[in-house]
Undergrad: 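Here it is, the structure in full.
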Amino acid sequence: MKTGLATVTPPDSAARFTALLIASIFLTTAAFLMVNYGVNLVISLFGRDAVKEHVATAFKNGDLGLLESRALDSDMGVHQTNDCLIFDMAAREATELPLYLFAASATSQFEANGAERCEQLRNWALEDPTTPSKEGIYYRYIHGYRIVAVALLSVFSVVDARLVMKLCSYSIFIALCLINGLALYRRIKASDRSRQSLGDVVAASNEMAYIGIGLSLLLVFGLPYFGQSISHAPALVTLGVFLILWSRRDLRGELDLYRMTRMVIVFSLFTASFEFLTGYIPVACVLLCLLVGISDRKTRFGAPLPLFGRLVAVEFAFVATLLVAFLLHLLFTTLFVGDLKVLVGFFAQLAFRMSQSRISKASLATDDPGIPGLSLGEVIERLLHQIPHIGVPDEFTGFATLLIAFGIVLIGFGEIWLSNSDRDAKWRTLVIAAALIPLAMWILAFKNHTYVHARFMVRILVSVYLTATVMSFWFYVVRRAAVSQSREAQVTGRVLTS
């Protein structure tokens, strides 16, 4: 068994690893963007009659409407505003191929309010001469979801496409639970029950932790509403695939630092491609903390530096890849379009999303300077008000369950740190508890965005439930280890006395 002290990386090796990591991020990101642009260019060469026809039919049948969002019991999807925007991108044919290569999408006037976006799409799709539609260029994101939308709506109606997306969203997390459940069952069958109890077998590996993560995402991540949305489903599937691949490599003992960072870079690129600033970034950062905390248990960390170095490397790989992907995309687009408005507009909007304003767009009338900015309490209250969107019945239940989850994290952390557990267990417990830090950082940094878009940003609260789930598993693992050590000590004592 490896020890944490034995895995301390010498300075020269650390510098070499860092250089390789940074080079991998830039090279992999550049290659990924080239492929993404190439696919966008290819699909721009083909007609969109089928896509446009399916969108028009959806408006005629009432499957797309003009409301900015729909009721929770509606089949139309809770995040219809961005769905209209993406369907608009998918339906329009290229008029300037080079522009499509980088800027990616012509669309309805995207600075309009949500209802206007859907109205503009309807007017254009139905070709109503009495209500002419507008057109603009959307530079802000990498638009990977546009590729998915074109593929789906070229074959399926809007209703059927939503059904496909919902099935995929559910299936990927069900698969995560089933794959790990089957692995656990096989391990129990192969174990020597005369020497190991069932509890010891369960605690010996991480299958139950991955099943708990899968169940948490199935139950309190809003899949009934967001799983059918084109602005969410691709990122959901990406997250599920990453968790399955990570869990399989972990259970096979194949997760060293190099493999971890390589997987995270690819995961980050697909997240960037499907990111619509809809909450997947903070949830991913939280999950990475939890995964680092429980993974590669054959390595024993007797000192904190190796484990926290691993955590920093993994989080850096994810965040740096996101930043490089967006910056390279903006740079390519700015150079090719030849207009600094691409960069200026992006960073102006980003700064506004990080402000303490209560309004939705910087282009609207500004807040009254006499009114204090958004407080943290207001943001959390707004999120709790929207908590039914993730499957929690009401605000009171949401508040109570969140408090219980926080309590589980604090109690688990305190119990392990105050116990006689070994240092490896304590350092891993600290990393698991630290998973809530990315959530807090996001809420504090993006107050405006989280407050204004609480209807879907409420999904970041799943981070609390995920952390409580993993902490519960880890507490069980540590307690079982303590029981096993006590039992072995008693047996050894009896042998010595006899």
Side-chain angles (χ1 to χ4, degrees), residues 35-67 70 75-77 79-110 112 114-129 131-169 226-237 273-274 276:
V35 172
N36 182 283
Y37 296 151
V39 174
N40 270 291
L41 178 60
V42 169
I43 65 174
S44 296
L45 297 174
F46 297 94
R48 305 292 174 73
D49 292 341
V51 178
K52 183 177 181 180
E53 181 181 350
H54 285 142
V55 170
T57 302
F59 278 109
K60 291 176 183 177
N61 295 340
D63 299 318
L64 279 172
L66 302 184
L67 296 179
R70 312 299 291 183
D75 291 332
M76 302 172 87
H79 199 185
Q80 186 175 323
T81 301
N82 282 348
D83 282 6
C84 282
L85 181 59
I86 295 170
F87 289 154
D88 200 341
M89 296 177 187
R92 291 181 187 265
E93 295 185 22
T95 53
E96 299 179 50
L97 291 181
L99 188 59
Y100 265 62
L101 178 62
F102 293 107
S105 293
T107 182
S108 300
Q109 187 72 9
F110 64 86
E116 220 176 296
R117 289 180 186 168
C118 291
E119 185 177 3
Q120 290 293 324
L121 175 59
R122 183 199 63 178
N123 296 344
W124 175 78
L126 297 179
E127 299 179 351
D128 184 351
T131 53
S133 64
K134 303 174 184 178
E135 185 170 291
I137 301 296
Y138 202 18
Y139 301 102
R140 232 171 260 161
Y141 301 102
I142 300 174
H143 303 307
Y145 36 73
R146 174 173 168 265
I147 298 171
V148 178
V150 170
L152 286 173
L153 293 183
S154 294
V155 179
F156 300 105
S157 67
V158 169
V159 172
D160 290 340
R162 282 176 174 154
L163 177 61
V164 170
M165 289 187 287
K166 182 178 281 191
L167 287 174
C168 290
S169 299
F226 300 99
Q228 63 185 323
S229 170
I230 188 63
S231 56
H232 290 274
L236 277 170
V237 173
S273 181
F274 298 133
F276 216 50

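The structure displayed is predicted, hence computed values, not measured ones.
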Undergrad: Given Met89 and Val150, is the side chain to side chain contact (heavy atoms under 4.5 Å, CB included) satisfied, shown in steps?
TA: CA-CA 9 Å; Met89 296 177 187; Val150 170; over 6 Å; no
Undergrad: Work out which heavy atom in Phe226 is nearest to a heavy atom in His232; give both atom names and the distance.
TA: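 Shortest heavy-atom separation between Phe226 and His232 comes out as O-CB, 3.2 Å.
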Undergrad: Tell me the closest heavy-atom pair linking Gly227 and Leu236, and the distance in Å.
TA: CA-CD1, 3.8 Å
Undergrad: Please identify each residue that fulfils ring-ring contact (aromatic ring centres under 6.0 Å, His included) with Phe274, with sequence neighbours left out.
TA: none
Undergrad: List the residues meeting side-chain contact (heavy atoms from CB on, under 4.5 Å) with Val164, not counting sequence neighbours, and say none if there are none.
TA: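 In terms of side-chain contact (heavy atoms from CB on, under 4.5 Å), with neighbours along the sequence ignored, Val164 is linked to Leu152, Phe156, Cys168.
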Undergrad: Quick one: side-chain contact (heavy atoms from CB on, under 4.5 Å) partners of Val39, sequence neighbours excluded?
TA: Val35, Ile43, Ile147
Undergrad: Any side-chain heavy atom of Cys84 sitting closer than 4.5 Å to one from Leu64?
TA: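 Yes, at least one pair of side-chain atoms sits under 4.5 Å.
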Undergrad: What distance separates Arg122 CZ from Asp88 CG, expressed to the nearest 0.5 Å?
TA: 13.5 Å
Undergrad: Knowing that exactly one of Ile86, Val148, Val55 qualifies, which makes a side chain to side chain contact (heavy atoms under 4.5 Å, CB included) with Leu153?
TA: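 Exactly one option meets the side chain to side chain contact (heavy atoms under 4.5 Å, CB included) with Leu153, and it is Val55.
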Undergrad: Hey, are the side chains of Phe87 and His54 touching, using non-hydrogen atoms and a 4.5 Å cut-off?
TA: no
Undergrad: Taking atom CG of Asn82 and atom CD1 of Ile230, what is their separation to the nearest 0.5 Å?
TA: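 So the gap between those two atoms works out to 11.0 Å.
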Undergrad: Check whether any side-chain heavy atom of Leu167 lies under 4.5 Å from a side-chain heavy atom of Leu163, and answer yes or no.
TA: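 Counting from C-beta outward, Leu167 and Leu163 do come under 4.5 Å.
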Undergrad: Would you mind reporting whether Asn36 and Ser273 have side-chain heavy atoms less than 4.5 Å apart?
TA: yes
Undergrad: Nearest heavy-atom pair of Ser154 and Ala50: which atoms, and what distance?
TA: O-CB, 3.9 Å
Undergrad: Mind checking the CE-OG spacing from Met165 to Ser231? Nearest 0.5 Å is all I need.
TA: 8.5 Å
Undergrad: Do you know the tightest heavy-atom contact between Lys166 and Gln228?
TA: CE-CB, 4.1 Å
Undergrad: State, to 0.1 Å, how close Cys118 and Phe59 come at their nearest heavy-atom pair, and which atoms those are.
TA: O-CZ, 3.4 Å
